[in-house]
Every structure is written in C-alpha cells, then in structure tokens.
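Here is the naming used below: chain letters follow the sequence lines, and residue numbers restart at 1 for every chain.
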Protein chains: 2
Amino acid sequence: MLTSVDPDVIRVLGDPLRLQIVTLLARETLCTTHLVEETGAKQTNLSNHMKVLREAGIVETEPCGRFTYYKLKPEVLTGLSEQFAALAASARTAAENKRACP
Amino acid sequence: MLTSVDPDVIRVLGDPLRLQIVTLLARETLCTTHLVEETGAKQTNLSNHMKVLREAGIVETEPCGRFTYYKLKPEVLTGLSEQFAALAASARTAAENKRACP
DNA sequence: CTCTCACATCATCACCCGCTGATACCAGCG
DNA sequence: CGCTGGTATCAGCGGGTGATGATGTGAGAG
C-alpha cells in the first residue's frame, strides 16, 4: 500500500507519557528507576507503559543485575520518518488531484 | 528541548480512522462525501474527526459551493518526518550513553 | 539463608474519547 | 422564497485505556 504509516506504532506514541519516555531514551539508555525520577510517574505505571512500548517493538530491554535498561530501536523511528516523508511528498502533489464533486 | 516531537499532532494521528483519512488525503483532495464513501464511517463521525484534524493544523478546508474540500498541509508531515529522523539519529548514538546504576 | 530492593504482573477504578442520533446551518436550485 | 442536499454542531451513551494499590518474582547484600 502506498505511503501508509503503521497505525500501531503511532497509536503507541500518541500517549504523552510514552512519547516523553521515547524522547528521554533517545538521549541515553535508562533503567526504570531513572525513568521514574525523570517523569515523576509511579513505577507500576511506568512498567505498564514500558510493556506497551516493548510489545510494539519500539524499545529493547537489557537486564543488568537487578536493573533493567531500556534502549530505543532506531530503525523504528527511521521507518516512521521515511513513511511521513513519503506521505508529505505525496501530499505535495495531491493538491491538484481534486476529485470531482459528485 | 532536544528532538521533542509535538505530542498533539502524534496524538491526533494516533486514531486509526484519522490516520486513514490522512493517508487518503495524501493521495488527493477530497470532500466529506468522498471520505464517507472511502472510510464507511458516518458523516457526523467524519465531521468530528475533520474538526480535530483542522484544529490540530493538519488539514485545511476549502469551500467549493455546498461542498467542503480538505487537503493536507505537507509542512506538518515534513516536520514530523524531520523530528522522527532527529530522534532516530539521536537514538543511534544513545546506546553508549548509559546512565550508571544508582 | 534471609532480607531488601528493582521490577513485573494482576485486578480494579475512573475518566476520557470515539461513536451515534437529532438538529441546526448554509448554499444552490426550482 | 421554500425545498433539497451537504455539512457542522450538540447531547448522550458505552467501551477502551491510563492510573493506582496490592502482590509476586528474582537478584544481590549482609
């Protein structure tokens, strides 16, 4: 299908807290404790969101002793970027493709 | 802040129906009747989503007699693409920036 | 071994949000 | 003018989802 963005990833990123998490993880690899400090959310809430992000394939987990580190999968973000770029390119030429009034 | 994606736009695009609308509008400029045919949703439902998309600055309206045409604003999609690209670039170098266990 | 800490899972609740039906509005056409 | 068709707005309902508390698990420290 032409220039269709994956709805699941977008929906997952649509949550403000999850987007904040992704933004934080784009800067450095962090574990749950750090994320609790940075976001101010409860640990159990964070764990829920991390599960969602994990199942969406946006982050990877890396156990380190008692801690669990999370890091982003850059290829997902790259894919999103390309899909939006394709949409934008298509949209630029779509202005003239005006379907006739029925 | 560094490489922060606009949460509002993402949240708006997080809805599957709205994402479908955006995908359709990326191909051609359409009016509400066309969107009703394409998506199968009710007219009032579509109108609600179009209002959301309009207020988020993602689409523009262009009245044409009794019809209302919607077209995408490509710069919004371009901005998204760039922001995700920046996030991805940052994420690629973030793997080594591992904050120490507390 | 036991205790503590980091993290995950489960169950529950409340609230937001998308869907729907009714209705109002506006533009063309007779 | 009134009538018809296209579109927007409004009120209300119901389900999905994010937040919270209690609890389970597993790894290290003592």
Side-chain contact check for B:Arg11: nearest option of C:dC17, C:dA6, C:dG18 is C:dC17
Heavy-atom pair with the smallest gap, counting every atom of A:Ala26 and B:Ala94
O-CB, 3.2 Å
From the list D:dG6, D:dG18, C:dG18, which nucleotide is the closest neighbour of the side chain of B:His49?
C:dG18
Starting at OG of A:Ser90, measure out to CD of B:Glu28 and round the result to the nearest 0.5 Å.
10.0 Å
What I want to find out is whether A:Arg99 reaches B:Glu38 closely enough, with some N-O distance under 4.0 Å, to be called a salt bridge.
yes
Whole Å only: how far is the CE atom of B:Met50 from the P atom of D:dT9?
12 Å
Between P of C:dG18 and CD of B:Gln20, the distance in whole Å:
15 Å
How long is the line joining CG of B:Asp15 and P of D:dG16, in whole Å?
14 Å
May I have the distance from B:Lys51 (atom NZ) to D:dA11 (atom C1'), rounded to whole angstrom?
14 Å
A:Asn45 and A:Leu17 have their tightest heavy-atom pair at ND2-CD2, 3.9 Å
To the closest 0.5 Å, what do you measure between OG1 (A:Thr39) and CG (A:Leu46)?
4.5 Å
Considering all heavy atoms, the nearest B:Thr29-B:Tyr70 contact
CG2-O, 3.2 Å
How many whole angstroms separate atom CG of B:Leu17 from atom C1' of D:dG16?
16 Å
In whole angstroms, the gap separating P of C:dC7 from CZ of A:Arg54 amounts to 12 Å
Readout for nucleotides 21-30 of chain C: B = base within 4.0 Å of protein heavy atom, S = sugar-phosphate only, - = neither; 5' to 3' it is BB----BS--
How long is the line joining CD of A:Glu55 and P of C:dA8, in whole Å?
12 Å
Under the side chain to side chain donor-acceptor pair (under 3.5 Å) test, residues paired with B:Arg11 that sit two or more places apart
none
D:dA8 phosphate, OP1 or OP2: any side-chain N/O from B:Tyr70 under 4.0 angstrom?
yes
Mind checking if B:Ser47 touches a base, just sugar-phosphate, or nothing, with heavy atoms under 4.0 Å?
base
Distance check needed: D:dT9 P versus B:Leu46 CG, whole Å only.
14 Å
